[in-house]
There are 2 protein chains.
Amino acid sequence: MKLNIDIIAENLLAIHPLLYKSISKPLKNKSSITPGGMFVMGILKRNGMLSMSDIGNYLSMPKPHVTVIIDRLIEEEYVLRQNDPNDRRVVNILLTDKGISEFEELKEALSLNLKSKLVLLSEEELEQLSKASQQMKEILISILSKEKNKEY
Amino acid sequence: MKLNIDIIAENLLAIHPLLYKSISKPLKNKSSITPGGMFVMGILKRNGMLSMSDIGNYLSMPKPHVTVIIDRLIEEEYVLRQNDPNDRRVVNILLTDKGISEFEELKEALSLNLKSKLVLLSEEELEQLSKASQQMKEILISILSKEKNKEY
DNA sequence: CATAATAGTTATACTTTTGTAACCATTATA
DNA sequence: TATAATGGTTACAAAAGTATAACTATTATG
């Protein structure tokens with residue numbers, strides 16, 4: 001009998017390119033935001049204010065890359081830099097109102113794009129997918145989100 | 001009340017970077033295969049022989065990119081090119097034994113990497129994640145796999 | 001048969017991401 | 001207080017992915 005963990009690995013490996021296809025690609029046409037910028041805005045939306053290092057750790061991005069992405073998001077006024085009063089080395093990043101609404105629009109664009117595909121599903125299947133993705137999200141967040149991967 | 005479809009969109013948007021982190025990054029150190037090459041091998045593993053165009057459609061990759069990736073996989077002897085006897089324009093790609101075992105190794109490496117994180121989960125949660133990911137995979141494959149996104 | 005369409009490759013330019021190293025400012029520690 | 005460690009930026013090189021156009025070979029269609 002196959003171990004749960006191997007089944008999970010196999011499934012994640014299969015799901016990954018499908019998400020890539022159904023998310024990154026469609027949204028590319030909708031916005032000037034790069035995939036990296038989208039990821040950053042996503043965790044900012046979920047976590048509120050984060051330091052540059054936090055962002056790098058959440059997404060396993062090299063710090064210099066985080067700087068580049070944030071520079072660009074700032075240019076477009078989607079996020080703000082704020083110095084941390086407790087530690088003057090750290091720079092905290094937070095979404096602006098413009099950033100929040102842009103992210104909402106991205107999410108809507110994704111919904112719209114998905115809708116054309118999800119019509120093929122029955123109401124039960126939709127419900128299943130909704131619940132399954134919710135569970136996956138929660139579990140993956142609980143085990144993956146916080147950990148520190150690498151020091152750049 | 002929130003629509004299932006919006007919940008799904010939100011969840012997929014959250015899951016995507018987590019998979020990116022837990023799959024692409026860890027495997028990068030284990031193998032010379034690029035993420036794109038990994039995706040290609042994955043669908044070849046699942047679907048058997050595919051034409052160049054099929055691969056591009058499954059993964060929403062521009063055809064020139066598929067050519068580059070296949071060139072490299074052939075160099076490393078993970079796949080083979082075969083002319084289609086029915087239509088001499090099409091080139092079919094299939095995994096070699098070496099490619100299959102390399103892919104299995106990648107999957108094992110991923111399992112191993114996941115294991116260190118999944119220890120935090122209870123047996124029930126593992127079971128949940130296993131089933132949820134299975135459902136997600138099946139549903140996403142059914143609605144996303146076949147469609148043609150764009151002609152390059 | 002002439003023409004259009006398809007499958008794939010080659011070439012090229014560009015963007016995004018990755019990886020390192022060097023560096024500054026600030027904080028922690030011996 | 002001298003030194004090490006941390007947080008972040010800058011600069012640079014290289015890999016990976018994206019996008020287009022031009023081209024060959026083959027097949028489909030008028």
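Basis for what follows: all heavy atoms, side chains included, without hydrogens, waters or symmetry-related copies. Labels below follow one simple rule: chain letters A, B, ... track the order of the sequence lines, proteins then strands, and each chain is numbered from 1.
Closest contact between the side chain of Asp87(A) and the listed nucleotides dT27(D), dT26(C), dA7(C) involves dT26(C). Listed nucleotides dG8(C), dT10(D), dA16(D) differ in distance to Asp71(A); the shortest reach to its side chain belongs to dT10(D). Of the listed nucleotides (dT18(D), dT17(C), dT18(C)), dT18(C) has the atom at the smallest distance from the side chain of Pro62(A). Looking at the side chain of Pro64(B), the nearest of the listed nucleotides dT26(D), dT9(D), dA21(D) is dA21(D). When distances run from any side-chain atom of Thr34(B) to the nucleotides dT26(D), dT10(C), dA16(D), the shortest one goes to dA16(D).
In this structure, Asp84(B) atom CG and dT27(D) atom C1' are separated by 12 Å, rounded to whole Å. Rounded to whole Å, the distance from CZ on Arg72(B) to C1' on dT9(C) is 19 Å. In this structure, CG of Asn83(A) is placed 10 Å from P of dT9(D), rounded to the nearest angstrom. Between Ile69(A) atom CD1 and dT9(D) atom P there is a gap of 12 Å when expressed in whole angstrom units. Rounded to whole Å, atom C1' of dT16(C) lies 13 Å from atom CE of Met38(A). Computed from coordinates, the Lys63(B) NZ to dA22(D) C1' distance equals 14 Å when rounded to whole Å. Tyr58(B) has its OH atom 17 Å from the C1' atom of dA7(C), to the nearest Å. Taking atom CZ of Arg89(A) as the reference point, atom P of dG7(D) lies 6 Å away to the nearest angstrom.
Note on Glu76(B) versus Arg72(B): salt bridge recorded, some NZ/NE/NH1/NH2 to OD/OE distance being below 4.0 Å. Using a 4.0 Å cut-off between charged side-chain N and carboxylate O, Asp71(A) and Arg81(A) make a salt bridge. One finds no salt bridge joining Lys137(B) and Glu10(A) here, because no Lys/Arg side-chain nitrogen approaches an Asp/Glu carboxylate oxygen to under 4.0 Å.
One hydrophobic cluster, built from ILVMFWY side chains closer than 4.5 Å, cannot hold both Leu50(A) and Val68(A); they sit in different ones.
At the phosphate of dT26(D), OP1 or OP2 sits under 4.0 Å from a side-chain N or O atom of Arg88(B). Residue Ser53(B) places at least one side-chain N or O under 4.0 Å from the OP1 or OP2 atom of dG8(C). Side-chain nitrogen and oxygen atoms of Arg81(A) include none within less than 4.0 Å of the OP1 or OP2 phosphate oxygen of dG7(D).
The nearest heavy atom of DNA chain D to His65(A) and to Tyr20(A) marks one nucleotide each, and the one closer to the 5' end goes with His65(A). Of the two residues near DNA chain C, Asn92(B) and Val68(A), the one whose nearest nucleotide lies more 5' is Asn92(B).
One finds the CG atom of Leu106(A) at 6.5 Å from the CE atom of Met41(A) (value rounded to the nearest 0.5 Å).
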